[in-house]
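In what follows, a single structure is set out as structure tokens and then discussed.
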Amino acid sequence: MEVKRAKITAVGHYLPEYRMTNAELETMMDTNDEWIRTRTGIQERRILKDEDKATAFMGCEAAKEALQRADVSADEIDLIILATVTPDYFFPATACLVQNMLGAKKAFAFDLSAACSGFLYALSTGSMYIEAGRAKKVLIIGTDKMSSILDYTDRTTSILFGDGAGAVVLEESTDETGIIDQIHYTEGDVNCALYQHAGGSLNPATQETLDSRQHYLTQDGRAVFKKATMGMADVSLEIMEKNGLTPDDVAWLVPHQANLRIIEATAKRMGLSSEKVMINIQKYGNTTAGTIPLCLYDWQDRLNYGDNLILSAFGGGFTWGSIYLKWGIK
Ligand code: COA
């Protein structure tokens, strides 16, 4: 049987207008611009202020732009996979809300929860449907309203994240461009290093979970930093070696934007110079499922047809992985 290949045919994005700078955070908690910049690389992040808008809205806006750029109408979409850890509701899935907002009448839609690796897990899953011939046009969306689960009294976590969304259209490739390989890993975070403790079926919302601030994201920054640095660097090198790629063969590293130091360590391990690394963490912070498509969006005019890209991420779960693709937009 002939194996098909999936390729990205367009990228869209959505970023809220409001910019929360490090200076603004200084007025809210005991922190400072210098600490945030040198420890993380972040200068500002976007925050969705509209109270009646959330993750689905951002994902839908990103998807609309991607569809328009691909010249594909919503009713041609077969499948929507939406990666998020900040769904509008526990159920229905945020992907179902987006399906309705877009008017993607024949698409089936589901959410995928893999935190900061969510976009990569979703891209792998969507590409399989095309490779198997079960779908022709797939929308992959990474969208998170992280500000909805941030504790702005906790300076160790709230400074890191922002809101935003990115989306790509996947279609069948007719040549050598497209998604070539993927490696994914999971290791259950038994020590609760990166968790949102309450709100699920184990700890449903009670006055006590609210009073003890258990509905917010919590993390052991140092433990996550160590794991993330090792995980992202190892898997990025692994996918290069598996595919016989030298540093010269790789045009761009498209890394999850959690911390500039993690990105630099990954690039160093791959033998890549800094000019080959997409970095926009200074503008958006960590938008969780949004970081990788937002990089592709910002860099799309600088990408050449056939460029080898390595997409890499690490996130809560723990989840991590890499995708190797040849850029297929002319
Ligand atoms: N402003 C000022 N000081 C701060 C601060 C802030 N926002 N946050 C922490 N500090 C202080 C700490 O209290 C600590 O003080 P102490 O030495 O007096 O105890 C000091 O800075 C160093 O803290 P530490 O946690 O060791 O800093 P770090 O260099 O590890 O950086 C993170 C902290 C969170 C930036 C870093 O660990 C990180 O990026 N971790 C990974 C996070 C991540 O990627 N999460 C998402 C999943 S992909």
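For ligands, and for the atoms within them, numbers begin at 1 and follow the listed sequence.
Within a 6.0 Å sphere centred on OH of Tyr152, other residues, nucleotides and ligands contribute more than 12 heavy atoms.
Taking 4.5 Å as the limit, every side-chain heavy atom of Ser117 sits out of range of all side-chain heavy atoms of His184.
Under the 3.5 Å distance criterion, the side-chain polar atoms of Asp50 are left unmatched by any main-chain donor or acceptor of Asp52.
Between Tyr297 and His13, the ring planes are parallel. Angles under 30° get that label, and only those over 60° would be called perpendicular.
We find that Glu61 and Lys64 are joined by a salt bridge, their nearest charged nitrogen and carboxylate oxygen being less than 4.0 Å apart.
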Please tabulate, one line per pair, the protein N or O atoms found under 3.5 Å from any N or O atom of ligand 1, giving the distance to one decimal.
unit_1   : atom_1 : unit_2 : atom_2 : d
ligand 1 : 1 (N)  : Thr31  : OG1    : 2.7
ligand 1 : 3 (N)  : Trp35  : NE1    : 3.4
ligand 1 : 3 (N)  : Arg155 : NH1    : 3.4
ligand 1 : 7 (N)  : Thr31  : OG1    : 3.1
ligand 1 : 7 (N)  : Arg155 : O      : 3.0
ligand 1 : 13 (O) : Arg155 : NH2    : 3.0
ligand 1 : 21 (O) : Trp35  : NE1    : 3.2
ligand 1 : 26 (O) : Arg222 : NE     : 2.6
ligand 1 : 26 (O) : Arg222 : NH2    : 2.9
ligand 1 : 27 (O) : Arg39  : NH1    : 3.3
ligand 1 : 29 (O) : Arg39  : NH1    : 2.7
ligand 1 : 29 (O) : Arg261 : NH2    : 3.2
ligand 1 : 37 (O) : Gly221 : O      : 3.1
ligand 1 : 39 (O) : Asn259 : ND2    : 2.7
ligand 1 : 40 (N) : Gly221 : O      : 3.0
ligand 1 : 45 (N) : Gln219 : OE1    : 3.0

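Identified under the ring pair (Phe, Tyr, Trp, His ring centres under 6.0 Å) test for residues 193-228, with sequence neighbours left out: Tyr195-His197.
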